[in-house]
Every structure is written in C-alpha cells, then in structure tokens.
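Naming: A, B, ... by sequence-line order, numbering from 1 per chain.
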Protein chains: 2
Amino acid sequence: MDNEKVIIDKGSILPLYHQLKVHIESNIESGRWSPGTLIPSERELGETGNISRMTVRQAINELVNEGKLYSVRGKGTFVSRPKIEQGLSTLTSFSQDMRKRGMRPGAKMIEAFTHEAGEKIAKELDISVEDKVYDMYRLRLADDEPMALERSMIPMDLVPGIEKESMEDRSLYEILYRKYGLEFHEAKQTIQAVLLHAKEAEMLRVPMDSPAMMTERVSYLNSGRTFEYVRSYYRADRYQYSIYLNQAE
Amino acid sequence: MDNEKVIIDKGSILPLYHQLKVHIESNIESGRWSPGTLIPSERELGETGNISRMTVRQAINELVNEGKLYSVRGKGTFVSRPKIEQGLSTLTSFSQDMRKRGMRPGAKMIEAFTHEAGEKIAKELDISVEDKVYDMYRLRLADDEPMALERSMIPMDLVPGIEKESMEDRSLYEILYRKYGLEFHEAKQTIQAVLLHAKEAEMLRVPMDSPAMMTERVSYLNSGRTFEYVRSYYRADRYQYSIYLNQAE
DNA sequence: CAGTGGTCTAGACCACGAG
DNA sequence: TCGTGGTCTAGACCACTGA
C-alpha cells in the first residue's frame with residue numbers, strides 16, 4: 001500500500017506546480033499510471049494537493065508539452081504511449097554521454113590557453129577575428145581509457161576568469177552552468193569518418209591510420225548567441241553514435 | 001506610421017492569448033522587433049490590450065516554448081535570434097538527402113532476393129527466424145558517382161510482389177508509399193567510422209582501407225511495427241552527416 | 001529603489017463528451 | 001445534465017536586475 005498522503009509541501013523551496021509535476025511523473029514512471037490511463041481531473045488534483053486549479057494546469061501543461069500526457073476536452077487527461085527511447089538526438093556533454101553508456105567519464109588536459117580567434121574560428125563563433133577565445137584541448141577518458149580528443153573554443157568575454165578553473169576530470173558544461181549561468185539548448189553538429197594521424201593516434205593509444213569519427217559542433221545560448229565550437233575525434237573501435245529520427249511533418 | 005490601435009478584439013472567436021501571440025509574431029516576422037529586442041513587459045502588454053497578465057503570460061509562454069522569445073527574470077522578455085535550419089535530424093531517404101545537397105541521386109542494383117530472416121535480422125526486424133525478408137543490395141550514386149552501398153531488408157509479408165518492381169534509379173520509399181501505402185515516421189540509427197574492405201572499396205571506387213561511415217537504421221511504421229533494417233557504407237571523402245541537436249527538457 | 005518575470009489564488013464562463 | 005479541459009480575470013507576494 002503506497003500511501004501518497006502528502007503530495008505537495010507548501011513549505012518547500014520548490015514551486016508547487018513543480019512538485020505536482022514530479023509527483024505525476026513518478027506515477028507514470030513507476031507504472032502506477034500506465035499508458036492510456038485517465039489521470040485525476042485538474043480540479044481533483046487541486047483539491048488533493050490543496051492548490052489552485054491554475055497551478056495544477058501549469059504542471060499538466062508542461063507534461064503535455066513534453067509529450068508525457070495529452071488532454072482531450074470534455075474527457076480528461078491521459079498518459080501518453082511511450083515513444084521509442086527519448087533523447088537520442090538530444091544535446092549531451094561527453095560526461096553525460098559516457099554515463100548513459102555505463103562508463104565513467106574523465107578528462108586529461110593537454111593544453112588550455114587564450115588567443116585571438118583567427119578567421120575560421122571567428123566565422124564559426126560569429127565574432128571578430130581579433131576577439132579572444134578560450135581554447136581547451138583535452139583527452140577524454142571512459143573508464144580511464146582514452147575515448148576521444150576534444151578541443152573546445154569559447155568566446156572569452158562569456159567566460160572571464162575561466163583559465164583559473166581546474167578542468168581535469170570535470171565537466172566543462174557543469175562549470176559553465178554553475179559559475180557563469182550559461183545554458184544552451186541547441187547545437188548543430190556534423191559527423192565524418194576520418195583516419196587518425198600519428199600524433200592523435202598516439203594520444204588515443206591506437207595504431208596510426210585507425211578510423212575515427214570526427215564531430216564538429218557549434219552550440220547556441222538561449223539568446224541565440226553562438227557559444228562554443230568543439231571538434232572531437234572519437235575512437236571508432238570504442239564509439240558509435242546513436243540517433244533517433246522523426247519523420248518531418 | 002503603423003498604427004496598431006486594435007491589438008485585441010474581445011468579440012473575436014479566437015482566444016485572446018492567441019490574438020496577442022499572433023500580434024507578437026507579426027512584430028517579429030516583420031522585423032519591427034528585431035532579434036535581441038526587449039519587448040514590452042507583461043503588465044504593459046496587458047494594459048495595451050486590456051487583458052489580464054495571466055492571459056499575456058499564456059501567449060508569451062507559448063512563444064518561449066517555440067523558441068521565438070526568451071525571458072530573463074528581473075530584466076524582461078526578448079526576441080530570440082533566428083534558429084538554425086530545422087529538420088537536420090529528420091528522417092530522409094538517400095534520394096531526398098542527395099537532392100537537398102544539390103546532387104542527383106541514382107542507384108545500381110547489385111542483387112535482390114528473398115530469403116529467411118536468420119537470427120540477427122529476425123532480431124532487428126522483430127520477426128521469426130523463418131520469416132521471409134526481401135533483401136536488396138544497391139550501389140547508390142550521386143551525380144553518377146558512387147556515394148554509398150546500401151542494403152535494405154524488409155519483412156516480405158509487408159511487400160508481396162515487390163520482387164517484380166524495377167528498383168534501378170528509383171526511390172524505394174516512393175514505391176513503398178505508392179504501391180503499398182507504407183509510411184513510417186520514426187527510426188533509430190547508429191553511425192560508426194569503419195575501414196572499407198577490398199570488395200566494398202572497389203564498388204565505391206576508392207582505395208582499400210579508405211575510411212567510411214557505416215550507418216544502421218531500423219524504421220518503424222505508424223502502427224509501431226518494425227518495417228526495415230538498412231545498413232549503408234558512405235564514402236568518407238564525399239559524405240558528412242549533419243544533425244541539429246536540442247537540449248532535452 | 002522601481003520594474004521585471006515567476007508563482008499562486010479563488011473565483012468565473014465556455015465548449016465539448018458522454019450518459 | 002454533469003464533469004471535463006480551455007480560457008480568462010484581478011488581484012497577490014516573491015526573487016531578481018539595474019540604477
């Protein structure tokens with residue numbers, strides 16, 4: 001018997017609608033509310049949690065937008081059928097990606113310094129040729145074994161003082177979020193197959209001319225400003241890229 | 001002088017928030033509010049249109065969700081920079097893909113026959129090991145030059161009589177749609193970097209051990225049934241994969 | 001400090017679905 | 001007819017930004 005007496009804690013720092021949202025999500029994930037289930041009405045959820053209907057609606061709206069629920073006027077709100085795994089084409093950091101694959105992410109700094117953008121980088125980052133960029137070159141590890149070489153460039157004005165941060169074994173994105181409040185929500189990425197040159201192959205501890213996947217990514221902040229340019233080389237023997245495709249329209 | 005006297009018509013059948021949404025969108029699309037512009041505050045929009053702030057928020061919320069606006073607490077709401085091209089991660093056929101890249105697609109049949117699925121294919125297509133599949137192996141051309149090797153397998157019961165169709169230089173998906181009414185809307189794909197063996201390299205007219213991108217795709221019908229399994233080898237010197245990424249959540 | 005967006009309330013009327 | 005979600009109001013307090 002799982003008693004769900006207290007759904008909403010008005011003393012919490014978390015918004016009430018967020019608490020309700022989490023509560024609904026847990027009912028879905030646990031299977032208590034299976035796909036197709038009619039969930040309690042908005043008025044009922046409001047009474048149960050002792051919150052107003054508009055607040056309930058905010059929680060439900062977000063879940064509808066995320067595709068977890070769908071509403072039918074005059075009938076009610078239902079749990080959606082599960083899609084094929086979500087998020088295969090979502091934006092993730094190396095660290096998140098490796099954790100999802102069940103491996104422990106790590107990083108070894110190769111070099112990090114600040115320099116003028118130059119023509120190619122200026123174009124990618126949509127800044128002036130003379131603008132400074134923070135340039136960080138790291139060997140990325142998965143379970144302590146080399147997995148990829150990753151070179152990130154960020155306009156220096158977005159991350160003043162970043163050169164004083166320690167990046168060894170830390171997620172760049174976590175630092176960017178926590179220290180600079182930077183969050184992006186979209187990126188454009190290209191992927192190609194290449195052969196590794198001697199130096200790169202050595203760092204990745206594979207034979208020269210081994211195949212690799214080269215990815216180039218340009219990320220954008222919510223404001224639309226270009227935020228980073230990253231070029232990575234992934235060992236083909238350890239890495240494969242997965243993606244979920246939707247039919248347009 | 002563009003007088004915007006009447007923004008909201010309370011007599012309209014259209015919801016007030018929808019009218020305001022359209023009004024904001026037209027200001028963005030016309031360029032009156034360019035990217036980065038601070039738009040009027042929620043309270044101000046409410047007064048101007050003589051509607052409540054909650055209604056204004058509904059309009060703005062939807063536009064924020066669509067990525068056209070972004071809000072910053074304590075500062076205001078701003079027009080987003082225009083998005084990167086959409087649909088880079090949508091499901092396309094080889095033919096569509098090549099046309100989008102400005103090249104003329106083509107195909108040369110290598111072999112096509114029917115056989116029992118076997119263990120691996122049965123698993124990918126979610127059918128029985130003894131079920132028949134249609135197996136088609138083609139060289140794909142772009143502007144008459146080899147671009148990829150493509151091997152498609154489809155459960156035979158979905159496409160009876162397909163062996164009588166001519167597939168040379170024709171889009172498989174077009175035939176499937178026109179003759180069998182088959183349409184899919186989602187797929188799962190993996191991508192890896194590989195080296196080409198002698199035989200494949202020869203067909204693609206590149207040196208042996210050239211790099212290539214191998215993709216594996218499993219497509220699903222609207223009903224959820226697995227529909228095809230495709231393995232392709234793309235010449236790395238001619239092909240690069242582009243994808244648009246969204247931040248989850 | 002004033003102004004902004006973020007959250008929340010306690011009502012209200014409507015259109016729609018089903019019995 | 002009753003219950004549902006869809007829309008809307010007129011307030012309120014909060015946390016945050018910037019002067």
Next item on the list: Establish, with yes or no, whether the OP1 or OP2 oxygen of C:dT9 is under 4.0 angstrom from a side-chain nitrogen or oxygen of A:Lys10.
Entry: yes

Margin query: Let's see if you can work this out: which of C:dC8, D:dT7, D:dG5 has an atom nearest to the side-chain heavy atoms of A:Leu16?
Written below: C:dC8

Item checked: Check against side chain to side chain contact (heavy atoms under 4.5 Å, CB included), A:Glu25 and A:Lys21 -> CA-CA 6 Å; A:Glu25 281 174 319; A:Lys21 192 179 160 189; 4.1 Å; yes

Note to self: Within the structure provided, determine whether A:Pro146 and A:Arg235 are in side-chain contact (heavy-atom separation under 4.5 Å).
What the structure shows: yes

Notebook entry, point to check: Where the side chain of A:Met54 is defined as all heavy atoms beyond and including C-beta, which of C:dT4, D:dG18, D:dC8 is the nearest nucleotide?
Noted result: D:dC8

Notebook entry, point to check: With a 4.5 Å heavy-atom cut-off, do B:Tyr220 and B:Phe227 have their side chains touching?
Noted result: no

Next item on the list: Would you mind reading off the distance between A:Leu45 atom CG and D:dT4 atom P, rounded to a whole angstrom?
Entry: 10 Å

Next item on the list: Give a yes/no answer on whether the side chain of B:Thr77 brings an N or O atom under 4.0 Å of OP1 or OP2 in C:dG5.
Entry: yes

Notebook entry, point to check: Hey, does A:Gln189 have a side-chain heavy atom less than 4.5 Å from the side chain of B:Ser242?
Noted result: no

Check: Between D:dT9 atom C1' and B:Glu47 atom CD, what is the distance in whole Å?
Finding: 15 Å

Item checked: B:Tyr17 side-chain proximity, nearest of D:dG5, D:dT7, C:dG6 -> D:dT7

Check: Looking at B:Thr55, does any N or O in its side chain come under 4.0 Å of the phosphate oxygens OP1/OP2 on D:dT7?
Finding: no

Check: In whole angstrom, what separates B:Leu14's CG from D:dG6's P?
Finding: 17 Å

Note to self: Can you measure B:Ile13 atom CD1 to C:dC14 atom C1' for me and round it to whole angstrom units?
What the structure shows: 15 Å

Check: Of the candidate nucleotides D:dA15, D:dC8, C:dC13, which contains the atom at the shortest distance from the side chain of A:Arg53?
Finding: C:dC13

Margin query: Using whole Å, what does the distance between atom C1' of nucleotide C:dC13 and atom CD1 of B:Ile51 come to?
Written below: 17 Å

Margin query: What is the separation between atom NZ on A:Lys75 and atom C1' on D:dC2, rounded to the nearest whole Å?
Written below: 16 Å

Checklist line | Among C:dC8, C:dG5, D:dG5, the nucleotide that comes nearest once only the side chain of A:Ser52 is considered | finding: C:dC8

Notebook entry, point to check: Between B:Asn61 (CG) and D:dC8 (C1'), how many Å, whole number?
Noted result: 15 Å

Check: Looking across every strand, which nucleic acid part, if any, lies under 4.0 Å from A:Ile60 by heavy atom: base, sugar-phosphate, or nothing?
Finding: nothing

Margin query: Pick the closest DNA chain C nucleotide for A:Arg43 and for A:Gly74 by heavy atoms, then say which residue is nearer the 5' end.
Written below: A:Arg43

Check: Among C:dG5, D:dG5, C:dT9, which is the nearest nucleotide to the side chain of B:Glu42?
Finding: C:dG5

Check: Does a donor on one side chain sit under 3.5 Å from an acceptor on the other, for A:Tyr241 and B:Gln192?
Finding: no

Checklist line | Integer-rounded Å distance: C:dG6 P and B:Gln58 CD | finding: 15 Å

